Amino acid sequence: AEKYINNDEIDDRISQIKGHYSLTSTKYDTILPFFYEKGKKTGYAVVALDGKYGIMSTTGKATIKCEYDDIGLYSADVIPVYRNDEWYYITAKGYRKLVPDTPMDFVGAFCDGYATACKDDVYGYINKSMKEFHFEYQYSGSFANGVAAVQKDNKWGIINTSFKTVIDFELDDILLDEYGFCS
């Protein structure tokens, strides 16, 4: 419109609808969506550079450098990481904090008190004491708002943090995001 009519009203409208963005970082190959824990103002995203993974805060600062073969979300003051053929948890400063009692094929972020874990191709959950719960699933998703998606016998269901079935194993598919949370 401003090409055809020189009008202050048009200039004002264009100024109002212009978008605003800020550049957080350009140094990563991949930046996954930010995750915010309940009650926390700062969010975190998994980032990748040259095939190695780290964590970035919403401020754009690298919380954990990209030096891990795989990494999960920063939540409950720990971060699940995979390096040297081992899954374990580190602090935000990179110190080893929690190590599963038995080797795991995968460990996820702690949400609602539990983290999803996989051992010998069977999924279940662990708590921060590394106690294992219900290793009986083909897949177990992360808990969010007290529920998680789980798969058993090629069917999906929803469980709560008491490991009680909320939706029976009758669904053919469930939509999961990058972090294993269900919709």
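Just so you know, these numbers come straight off a predicted model, no measurement behind them.
The OH atom of Tyr82 lies 9.0 Å from the CG atom of Asn84; values are rounded to the nearest 0.5 Å. With rounding to the nearest 0.5 Å, the separation of OG1 in Thr58 from CZ in Phe35 is 13.0 Å.
Under the 4.5 Å side-chain heavy-atom criterion for ILVMFWY residues, a single connected hydrophobic cluster contains both Leu32 and Phe181. Side-chain heavy atoms closer than 4.5 Å link hydrophobic residues (I, L, V, M, F, W, Y) into clusters, and following such links, even through other members, never connects Met104 to Val99.
A salt bridge (charged side-chain N to carboxylate O under 4.0 Å, His left out) check over residues 97-120, counting only residues at least two apart or in different chains, returns the pairs Lys119-Glu132.
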Please set out all donor-acceptor pairs under 3.5 angstrom arising from side-chain atoms of residues 41-48, sequence neighbours excluded.
none

What donor-acceptor contacts under 3.5 angstrom involve side-chain atoms of residues 63-81, with partners at least two apart or in another chain?
| from | atom 1 | to | atom 2 | distance (Å) |
| --- | --- | --- | --- | --- |
| Asp69 | OD1 | Lys52 | NZ | 2.5 |
| Ser75 | OG | Phe110 | N | 3.4 |
| Ser75 | OG | Phe110 | O | 2.6 |

Output a table of donor-acceptor pairs, distance under 3.5 Å, between side-chain atoms of residues 143-156 and any protein atom two or more places apart or on a different chain; print 'none' if there are none.
| from | atom 1 | to | atom 2 | distance (Å) |
| --- | --- | --- | --- | --- |
| Lys152 | NZ | Glu136 | OE2 | 2.7 |
| Asn154 | OD1 | Gln138 | NE2 | 2.9 |
| Lys155 | NZ | Asp172 | OD1 | 2.4 |

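Residues satisfying the side chain to side chain donor-acceptor pair (under 3.5 Å) criterion with Arg96, sequence neighbours excluded, are Glu86. Qualifying salt bridge (Lys or Arg N to Asp or Glu O under 4.0 Å) partners for Glu178, counting only residues two or more places apart in sequence or in other chains: none. Not counting sequence neighbours, the partners of Phe133 by the ring pair (Phe, Tyr, Trp, His ring centres under 6.0 Å) test are Tyr114, Phe163. For Thr116, the side chain to side chain donor-acceptor pair (under 3.5 Å) partners are Ser140, not counting sequence neighbours. Shown here are the side chain to side chain donor-acceptor pair (under 3.5 Å) partners of Tyr88, two or more places apart in sequence or in another chain: there are none.
Considering every non-hydrogen atom in both Leu98 and Met130, the closest pair reads CB-CE, 3.8 Å.
For the pair Tyr125 (side chain) and Gly141 (backbone), a donor-acceptor distance under 3.5 Å is present. A donor-acceptor contact shorter than 3.5 Å is absent between the side chain of Ser162 and the backbone of Lys164.
The side-chain heavy atoms of Ile126 and Lys131, taken from C-beta on, include no pair separated by under 4.5 Å. Annotation: side chain of Ile159 is in contact with side chain of Tyr137 (closest heavy-atom distance under 4.5 Å). Within the 4.5 Å cutoff, no side-chain heavy atoms of Asp173 are placed close to those of Leu175. Using a 4.5 Å cut-off on side-chain heavy atoms (C-beta onward), Tyr89 and Val107 make contact.
Between Tyr123 and Phe106, the angle of the ring planes lies from 30° to 60°, which puts this pair in the tilted group.
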